[in-house]
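Step one of this worksheet: look at the structure below.
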Amino acid sequence: MNKAKRAAVIAGNWKMNKTPAETTALINDLKPLVADAACGVICCVPFTDIPAAVDAAKGSNIKIGAQNCHWAESGAFTGEIAASWLKELGVEYCVLGHSERRQYFGETDETVNSRTKAALAAGLKPIICVGELKEERLADKTHEVLDVQVKGAFADIAAAELANIIIAYEPVWAIGTGLTATDDQADEACGYIRSLIAGLYGQDAADAMTIQYGGSMNAGNAEALLAKENVDGGLIGGASLSAEKFQPIVAAASK
Ligand code: PGA
């Protein structure tokens, strides 16, 4: 078993939820509940919540992430945020290529790759999201989709950077729908992604790569999903918005 070689990481993706004041309250509620976690704990918050989140998490084991960053260092990109500015605020992680960004904001494998490079150059740790649509799974195209997305995201990324990258397998049909991939589906897809990393960078790199599952993970299903050999953590949407719902997932990953 290679699972022991990998860090388990539970990351909350708050999406467009919580005001700065609500952020302070949620991180303060969460801190004592996850203080003894044996896994990584990350909250990926909206840009405007970052100062409040960093401040509230100070001195705790909770790390703060953003949900996107731009590939340029500055310039005429109205509405965008540079990776180095996030770093300056105390952000450590950055979700990239989330399916909602791909679906609603024109994110492509190429832009995910550009953003990944910028995040790494700024010293941020990308959480790169990949996953198939329902039609693609039904048409038996899951591997094909993962192949294109993983190879696209990792184009020209040096092997030395891999330790700073997390991959999240998020089947789009399971996000926010209450439909979860079965334990075996999650394990199989995460295992396939691992084989792609092995093909690109070798087996040792693949064995060390943290690959999360995301898509309606909650207190009820987390333990079984996280017990799978290839599932090294979770990217949690809905269940990350309250300390009571998030804590049991962190506890499940700490076993
Ligand atoms: P969900 O979202 O847990 O609400 O399904 C997961 C995600 O989009 O990262």
Side-chain angles (χ1 to χ4, degrees), residues 8-18 22-23 26 30 34 39-47 49 53 62-69 91-105 107 112 115-116 119 124-134 136-137 142 145-146 149-150 153 165-183 185-187 189-190 193 210-226 228 231-253:
V9 180
I10 299 296
N13 172 15
W14 291 11
K15 310 193 179 184
M16 199 175 79
N17 292 292
K18 305 291 179 190
E22 289 166 343
T23 296
L26 177 48
L30 198 56
V34 301
C39 63
V41 182
I42 306 168
C43 293
C44 299
V45 306
F47 289 134
D49 291 339
I62 299 173
K63 311 286 188 202
I64 302 305
Q67 299 172 11
N68 194 19
C69 69
V91 168
E92 293 182 56
Y93 291 85
C94 189
V95 174
L96 292 172
H98 190 278
S99 62
E100 286 149 19
R101 303 260 1 137
R102 294 177 191 259
Q103 247 177 309
Y104 308 134
F105 301 100
E107 196 76 67
V112 172
R115 293 182 203 276
T116 299
L124 296 178
K125 296 177 179 170
I127 302 175
I128 299 172
C129 304
V130 295
E132 80 287 1
L133 303 169
K134 188 173 186 183
E136 293 165 339
R137 177 160 282 267
T142 299
V145 171
L146 295 176
Q149 291 182 343
V150 169
I165 301 176
I166 292 174
I167 301 175
Y169 167 62
E170 297 208 311
V172 181
W173 47 273
I175 294 177
T177 57
L179 282 179
T180 317
T182 66
D183 313 341
Q185 282 173 328
D187 190 42
C190 290
I193 292 168
T210 294
I211 303 180
Q212 302 172 318
Y213 166 78
S216 301
M217 193 187 267
N218 58 42
N221 59 30
E223 194 169 339
L225 284 161
L226 293 166
K228 288 291 178 184
V231 180
D232 306 315
L235 184 57
I236 321 298
S240 70
L241 296 175
S242 87
E244 298 69 38
K245 289 186 177 158
F246 194 56
Q247 184 274 334
I249 304 174
V250 172

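Just follow the structure's listing: the first ligand is 1, and inside any ligand the first atom is 1.
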Using modelled atom types only, decide if a donor and an acceptor are shared between the side chain of Y93 and the backbone of V95 within a distance under 3.5 Å.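 Here the side-chain-to-backbone pair does not exist.
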Is there a donor-acceptor pair under 3.5 Å between the side chain of R115 and the backbone N or O of C69?
->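 Side chain of R115 to backbone of C69, a donor-acceptor pair under 3.5 Å: yes, one is there.
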Just to be sure I understand the cut-off, which residues have at least one non-hydrogen atom under 4.0 angstrom from an atom of ligand 1?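 The answer is N13, K15, H98, E170, A174, I175, G176, G215, S216, L235, I236, G237, G238, counting any residue whose heavy atom sits under 4.0 Å from ligand 1.
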- With sequence neighbours excluded, what pairs up with E100 under the salt bridge (charged side-chain N to carboxylate O under 4.0 Å, His left out) test?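 With neighbours one apart ignored, the set is K15.
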**Prompt:** Does D49 have any salt bridge (charged side-chain N to carboxylate O under 4.0 Å, His left out) partners at least two apart in sequence or in another chain, and if so, which?
**Reply:**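 If we apply the salt bridge (charged side-chain N to carboxylate O under 4.0 Å, His left out) test to D49, skipping adjacent residues, there are no hits.
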Applied to residues 242-251, the salt bridge (Lys or Arg N to Asp or Glu O under 4.0 Å) test, sequence neighbours excluded, yields none
Indicate whether the side chain of Q67 and that of H98 have a donor and an acceptor atom separated by less than 3.5 Å. no
